[in-house]
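All remarks here apply to the structure that follows.
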Amino acid sequence: HHNMIWTKNSSPFTGAFEYITSQQIDGVFPEFPQMTRWPSDAWTTACVASALFEMTQNPNLPQIIKSCDTLLKLRQKDGWWSYNTTVRSDPDSTARVIQFFQKIGYYNFEIFNEAFAFIMSHQDRKTWGIMTYTPDNLTEIRKLDKSRWYPGWGWDQSHACVSAVVHKVL
């Protein structure tokens, strides 16, 4: 059905919208109901809320407002965002949250400027891409929880997907 144009009033749109919005729990769009080990909260909420805004173009949608409020509450003590509250802040999650805020027209330049400095501190000087964690961060994380991180995951290397989001928000 490549000729079909879906609108907000078409049933696939309505069904998708209703399913997605029904998944929000306490302002968070959880990663997967089955994922009990290290599920994302800020990263997935920012991604899903961004998609909802793109679907509706309505920053006053209750789920969008709830996501915004929740993401502000999920800020880590250092001022940025992380995959979830059990790990340190990372530029991937922070960029996704900033991207969502920009889409809905929420601008806090103090937060944004500091976030950009934080994000750019994770730039790989060889590839110019953005790493999720610096090698020093990852060494610290591995000491705290040996079961979660192991060499080869690539979290201390630049990623095209992270770098692309950062490029859009800068």
Side-chain angles (χ1 to χ4, degrees), residues 2 4-33 35 38-124 127-133 155 158-170:
H2 66 281
M4 180 181 284
I5 298 174
W6 290 351
T7 66
K8 286 192 236 184
N9 297 323
S10 65
S11 79
F13 178 94
T14 304
F17 179 82
E18 288 173 0
Y19 174 77
I20 291 168
T21 56
S22 74
Q23 302 304 304
Q24 193 174 33
I25 301 167
D26 296 327
V28 171
F29 286 103
E31 189 162 9
F32 298 104
M35 189 167 184
W38 316 315
S40 174
D41 48 30
W43 188 86
T44 52
T45 298
C47 290
V48 173
S50 289
L52 282 177
F53 177 74
E54 289 174 9
M55 290 170 70
T56 64
Q57 297 296 304
N58 181 0
N60 297 315
L61 189 71
Q63 293 86 352
I64 299 287
I65 293 169
K66 183 94 171 161
S67 294
C68 185
D69 291 343
T70 299
L71 287 167
L72 289 169
K73 290 175 188 166
L74 287 172
R75 284 178 73 195
Q76 300 282 51
K77 291 177 185 169
D78 62 10
W80 320 128
W81 288 267
S82 64
Y83 182 77
N84 68 37
T85 57
T86 68
V87 294
R88 71 179 305 134
S89 297
D90 66 80
D92 184 6
S93 302
T94 298
R96 289 288 182 176
V97 171
I98 298 298
Q99 181 183 44
F100 166 65
F101 288 159
Q102 287 176 341
K103 283 182 183 185
I104 66 169
Y106 175 83
Y107 287 94
N108 180 320
F109 292 105
E110 184 177 336
I111 291 174
F112 284 18
N113 288 337
E114 292 173 7
F116 296 147
F118 167 73
I119 290 167
M120 295 314 294
S121 74
H122 289 73
Q123 187 173 40
D124 183 323
T127 65
W128 300 107
I130 304 296
M131 301 174 281
T132 303
Y133 299 107
W155 296 115
S158 65
H159 290 273
C161 59
V162 177
S163 301
V165 174
V166 168
H167 176 74
K168 283 198 74 100
V169 302
L170 290 179

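In this chain, residues are counted from 1 in sequence order.
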Would you call the rings of Y83 and W43 parallel, tilted or perpendicular if under 30° counts as parallel and over 60° as perpendicular?
tilted

Correct closest heavy-atom pair for D26 and K66 would be C-CE, 4.0 Å

Check: S158 side chain, D124 main-chain N or O, donor-acceptor pair, under 3.5 Å
no

Report yes if some heavy atom in the side chain of F29 is under 4.5 Å from a heavy atom in the side chain of L52; otherwise report no.
yes

If you measure only the distance, is there a donor-acceptor pair under 3.5 Å linking the side chains of Q99 and S50?
no

Hey, are the side chains of F101 and L72 touching, using non-hydrogen atoms and a 4.5 Å cut-off?
yes

Nearest heavy atoms of A42 and V97, plus distance in Å
O-CG2, 4.2 Å

Minimal non-hydrogen separation, Y106 against N108, with atom names:
OH-ND2, 3.9 Å

Quick one: pull up CD in Q123 and CH2 in W128 and give me the separation to the nearest 0.5 Å.
5.5 Å

For the atom pair OG (S89) and CZ (R75), what is the distance rounded to the nearest 0.5 Å?
9.5 Å

So does N113 have more than 12 non-hydrogen atoms from other groups sitting under 6.0 Å from CG?
yes

Output for pair (T70 OG1, I65 CD1), nearest 0.5 Å, gives 11.5 Å

Is any side-chain heavy atom of W81 closer than 4.5 Å to a side-chain heavy atom of R96?
no

Report yes if the side chains of R88 and Y133 come closer than 4.5 Å at any heavy-atom pair, otherwise no.
yes

So, for F100 and A49, which heavy atoms are closest and what is the spacing to 0.1 Å?
CE1-CB, 3.4 Å

May I have the list of side-chain donor-acceptor pairs in residues 163-170 shorter than 3.5 Å, sequence neighbours left out?
residue, atom, partner, partner atom, Å
S163, OG, I130, N, 2.8
S163, OG, H159, O, 2.8

Does any donor atom in the side chain of S40 or N84 lie under 3.5 Å from an acceptor atom in the other side chain?
no

Going by distance alone, is a donor N or O of one side chain under 3.5 Å from an acceptor N or O of the other, for S82 and Q76?
yes

Quick one: CD on Q23 to OG1 on T44, what's the gap to the nearest 0.5 Å?
11.5 Å

From E114 CD over to T94 OG1, what is the distance, rounded to the nearest 0.5 angstrom?
12.0 Å

Which atoms form the tightest heavy-atom contact between H122 and T132, and what is the distance?
CD2-O, 3.7 Å

To the nearest 0.5 Å, how far apart are CD1 in I104 and CD1 in I64?
6.5 Å

Over 60° means perpendicular and under 30° means parallel, so tell me whether Y107 and F109 are parallel, tilted or perpendicular.
parallel

Between the main-chain N or O of D92 and the side-chain N or O of D90, is there a donor-acceptor pair closer than 3.5 Å?
yes

